[in-house]
Structure formats: structure tokens, C-alpha cells
Amino acid sequence: MYRHFDPAAGPESNATLYQQTENMHAEPPEISNRPQATGLKMRGFLHALKSLWLAKPRLRHNSPRWLLCAATAIGISVMPLNATHGQTPSIPDSALRVILEQIQGTPLSLDQARQYALKNAAPLLRAEASYLAARGSVRREKGAFDPELFFDLNYLDREEPTASFFSGAPVLHFKQTMSRSGLRMELPIGTDIELAMNTVRLETNSDFAFLNPEFDAFGSLGFRQPLLRGFTASAGKQLAWSKRQLDAETARYDQQALNTMADVERGYWDLYAAERNYAVQLLSRDRANSFLRETELRAQAGLIGPNQVASARAFLADQELTLIDSEEQLDRQSDQLASLIGVRPGARMARFVPVDDPPDNFDIEPVDILVDRAIKNNRSLKASRHSMEAAQSLAEAANWESLPSVDLVGSLEGSGLSGTPREVIFGGDTLITTRGGNFSDAISQATEREFPGWSIGVEIVIPIGLRKGLGEKDRLKAEVLGSQQHFIEGSRALEEQVRSAYRELAHGQNRLAAARAGVDAAQEQVRIGIIEFQNGRSTAFELVRLAEDLAVAQRRHYETLVRTAKAAATLQQLTSDKSYLNRE
């Protein structure tokens, strides 16, 4: 689900973004070298007509039609003329800037895209959910050592037939209320402790019951300590595993944040390159259109054949198709970036348009330092290391749990008895008990251990064959070995990626210098071609071919610039550190 572009959630206000959006529909700002539409073309046309008239006087009478067509062709030539001098071509970058300013879309800065991604990126939110789940697991495992209060209450009402005189009644009817309450807990060393108080209240119709109702109380403090379970190694294995998993998920979340920022930056520069490619292609389409008009004028003047007009039309059609493809690619890159940051362009806007330029100069450290830093700081590698430690904690516990079970058990006890005394007539004697009291008296006797007791013992369980414990031990050892190899594989792959990104970034300066030299050379070729064309030593087709070479050089320059910036983003992602480079 997308969110619409909401400036309130980003670094810019509603008014600022609204003004920026409206400016995309308005006329772009004037640039000093930008041709001034109709007036400029007319002045260029008149100046070219005057130049040809003075330079070739014999043509004024012999070929007036050719002269008119040639002057008209120069007036709409593929490279617009300067408004002041009429023969100096405008800087090609200026023409691209004009086209870029006319591309409609919602302006988006790199910082804005990052902020939206931190709030909306699905992979990052999924990593956050995993982190929260791991944190909940740690809390749950810590809770395993929290004390527990327990309370049981049962009521029994029963009638039983009897056959003995000493039962006190032909049918015994008794009502019994039993309760059990106390505190139990497990210590981190594996000791189970239970402090309990058991009470019974009994009412009966037996004539021989000396206490009716009768109150019984029994208190105990019991323990069980496994002796061959490794103490904390076994009892705390789940907590140790959960803590290591929490460390791993924390590292994975941090790495996913870095991955998201790197993906946003790479996507942003891909959008930048797609926009420049679209602008260059739009300029090439316009040049092809001008070339077609010129060839049609020359064909009407009888200077060229219809085959050249057909070639010009085929050339224009090819440029139109390429322009459609480049526009689709631009919209596709915008959609991909919108999917990543979870925000759509503003209303009535088809795409985002980048407002930042990629950096073109980096001061990087030696590759060995970067590799060491990546091995040390990379969050994914840290997560793999923590997962390996988690597996080791389970394997260590399995070493102990594969042994026979030997538990030491014991208890301290206390009993109490009270009730309402009754006279009992047995034969000709009247008997009475010396005990009596209420319910609290019985509990007091048990807690003060007026009638003490204790027990101690050992419980041993030896599984025949020990296959269950030994099998689990082997399985967990294999998992530790697998996690170790996964860590080694990840560290090797990380080093390979760092070295690859380093080479690409290190060669970026040379690539950019070569690309700039190519653009400068192509611009010079176009400048010379315009002069030769104006002097009649070159054809319009050759001039358009030179313009195409310039477009290719410009595309290559933008691609090289974006490639270097993306390599820097990748290196930052791999090292999980922003201090490795200094952008100028």
C-alpha cells in the first residue's frame, strides 16, 4: 500500500512543495545561452540568409530556390544559434537543462527519500518485527526464572457405606475441603524449589471422630537439583540462545537499515540517470525532427533524392520509439523508488524527479583497511556470528543432557492438627481428646514445625542406549559446524564484494575523466560541424550524426557518474560505516 507524497512527513513544508510542483507547469527560468524561441530563430534565419547572400553572390541569380531552402534549413538547424552573434552554438548542457526543467514531476531530494524509507520501507519494518519478536523471546525466557504463586482448592461431599463397628456410623457422610498454596521457582543453576502449605477441613457423622470439624495442615520446603546437567549450561540454555538471537536480530535490523539507505540511494541515482537519458533522447528526437524538415526542404529544391527523405523519416521514427522506451524507463524507475520508500508522487504527478546531483569526487582509504573494517563492522556478519554463538550454547547444553539423569531431592516438613473436640462414648467409657483449636492453630503448628520432618534422596534415570541424548548432541554439533561455515562463507563473500566495490569506486575518477573528455570532444565536433555546415562543407545528416555522438557521450557521462555514486553507496553498505570516505 502506497502513501501519497506527504511533505509534512518530510523535510519540506506544504507551501514549499506546492510551489515546487506548480513551478513544474510554469515556464522554466531563462538561461543565458538558451535560444529565445521564435524571435531567436527568426534572427538566426535572417543572419544566415545575409551571410549566404554576401558570401556567394553568384547564387543570388542562379539558384534563388536553393538559397531560400538552405537559409530556411539553417534557421531551424539541429543546434540553435546564439541570440547575440547568430553563429555561436549554445552549450549542449544548457539545452539539456532547459529540457530537464520542463520535465513534470514531484521534486524529491535524496534526504527526503531516505526519511520516507526509514518510516515506510517494508523490508526494514519486517526486520523491526523480527527484532521485536526476539526481544519478546528474551523476556519470556527470563520469565522462566520468575517465582510462581499457586493455589488449589477442592471440595468433596461423599457418603460411604460401612461394615465396621469402628466406623462410627452405618453410612459415613463427610465433607472435605482441601487447599494447596505456595511458591515455586526455578533457579538459573537448574534447582527447582517449592514452598507449599496443604490444608484439610473435614466434617463427618462418625461417632468416633474426636475432632469435628477437624483441621489438618502440612507445610513443606522441597527442592530438586540435577547433578549431571551442567547447572547453568542446561538450565539457562534457552535464555542464552534467546539473548544471542536478540543480538543477531539487532545486527540484522541495523544492517537492513543500511541496506535500505543504500537501496534508496542507488534507486535515486538510477532515477537520476533515467531522467538524464530521457532528456538526452528528447533532444535527439528534436534534432531528428529538424533533420527531417531540412531534408524535405532540400528534396523540394531538387538538391537531394527521395531516398534521403525516407532515411530521415526512418531515423525520426527510430528516435520516437527510443524516446517512448526511455520515458517508460523513467516512470519505471520512479515507481520502483516509490515502492521502496512507500510514498507516491503528488496528485496529478506521474513520477518523482530528483533534485540532487550525485557526488563526483571521493577520497577513499586503502582496500585492506576497508576489508578489515567490513569484517569488523558489517552488521550481517555480526548477526551470523551471534547465530553461531546461539547454536554453540545449545550444543554445550546437549553435552550434559546426553548423560544419565541424576537428581538430588529433599524436603523440610512440618505438620499441624486442630479442630473442635467432642466427647466420644466407647462402650461404657466417655473419651475426650486433649487437642483442639481453630484452623489458624493447625497452620501455626505446621509453619513453626512443632512436628518436624525432613527427607533426602537421589533419583537416577538411565535411558538404555542413550540414543536420544547422543543424537541430539550430534545434531546440535552439526548445526554449530554449519553456522561456522556460514560465517566463513559470509566473510569471504563480504571481502570479495568490498574489493569489487573498491575497484569500481577507485576507477570512478578515471572513468569520469574519460567520460568528460568524451563529452568535450563531442561538443567540439558539433561546434566544428556547425561551422562546416554553415560554410557548405558538410551536410545536415553529418551534423545530426555528430549530435548523436554527443548524445551518446552525454549518456555515458551520466551513467559513469551514477555508477561511481552507486559504488560508493555499496561500499558504505558493506562496511557499515560512513567514515570511510570524504565526499567533496
Side-chain angles (χ1 to χ4, degrees), residues 35-83 85-90 92 95 98-99 279-327 522-523 525-554:
Q36 301 300 314
T38 306
L40 175 58
K41 291 183 179 180
M42 183 60 68
R43 287 194 295 271
F45 166 76
L46 294 176
H47 191 88
L49 182 60
K50 179 180 178 182
S51 299
L52 286 175
W53 188 270
L54 295 177
K56 302 180 181 295
R58 63 181 182 276
L59 296 179
R60 291 198 301 265
H61 303 287
N62 298 330
S63 303
R65 185 181 181 189
W66 179 90
L67 178 62
L68 179 61
C69 294
T72 304
I74 293 175
I76 58 172
S77 62
V78 292
M79 296 305 297
L81 303 178
N82 185 274
H85 302 289
Q87 292 183 356
T88 304
S90 67
V98 171
I99 292 177
V280 170
Q281 186 57 40
L282 186 58
L283 186 59
S284 298
R285 192 278 311 271
D286 293 341
R287 291 167 180 164
N289 195 23
S290 298
F291 172 63
L292 175 60
R293 292 199 300 269
E294 179 183 356
T295 54
E296 289 175 346
L297 288 173
R298 289 185 175 232
Q300 291 175 3
L303 301 176
I304 58 175
N307 61 326
Q308 295 194 31
V309 176
S311 298
R313 288 176 179 170
F315 179 71
L316 176 59
D318 182 69
Q319 295 303 307
E320 290 282 4
L321 291 175
T322 305
L323 179 62
I324 294 173
D325 293 340
S326 62
E327 185 176 9
Q523 288 176 344
Q525 286 179 335
V526 171
R527 187 187 68 82
I528 296 174
I530 290 177
I531 295 175
E532 291 180 347
F533 177 82
Q534 292 172 346
N535 292 329
R537 294 197 300 269
S538 176
T539 64
F541 184 83
E542 293 174 346
L543 189 60
V544 171
R545 181 181 58 81
L546 294 176
E548 279 302 300
D549 292 341
L550 174 59
V552 172
Q554 288 172 326

Chemist: For Leu323, what residues pass the side chain to side chain contact (heavy atoms under 4.5 Å, CB included) criterion, not counting sequence neighbours?
Modeler: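 Scan of Leu323 (side chain to side chain contact (heavy atoms under 4.5 Å, CB included), adjacent residues dropped) gives Tyr278, Gln281, Leu282, Arg285, Glu320, Ser326.
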Chemist: Specify the closest pair of heavy atoms between Leu316 and Asn289, including all atoms of both residues, with the distance to one decimal.
Modeler: CD1-N, 3.7 Å
Chemist: Residues two or more places apart in sequence or in another chain: which of them pass salt bridge (Lys or Arg N to Asp or Glu O under 4.0 Å) with Asp325?
Modeler: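 Per chain and number, Asp325 pairs via salt bridge (Lys or Arg N to Asp or Glu O under 4.0 Å) with no residue.
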Chemist: By side chain to side chain contact (heavy atoms under 4.5 Å, CB included), which residues pair with Ala551, not counting sequence neighbours?
Modeler: Val280, Ser284, Arg287, Arg555
Chemist: Going by the salt bridge (charged side-chain N to carboxylate O under 4.0 Å, His left out) test, which pairs reach into residues 300-318, not counting sequence neighbours?
Modeler: Glu296-Arg313
Chemist: What is the minimum heavy-atom distance between Leu292 and Ala312, and which atoms define it?
Modeler: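 That closest heavy-atom pairing would be CD1-CB, 3.8 Å.
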Chemist: Excluding sequence neighbours, so at least two apart, what forms side chain to side chain contact (heavy atoms under 4.5 Å, CB included) with Leu321?
Modeler: none
Chemist: Quick one, Gln319 and Phe291 - any side-chain contact, counting heavy atoms below 4.5 Å?
Modeler: no
Chemist: Provide the closest heavy-atom pair for Gln523 versus Leu550 in the form atom of the first, atom of the second, distance.
Modeler: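 That closest heavy-atom pairing would be CG-CD1, 3.7 Å.
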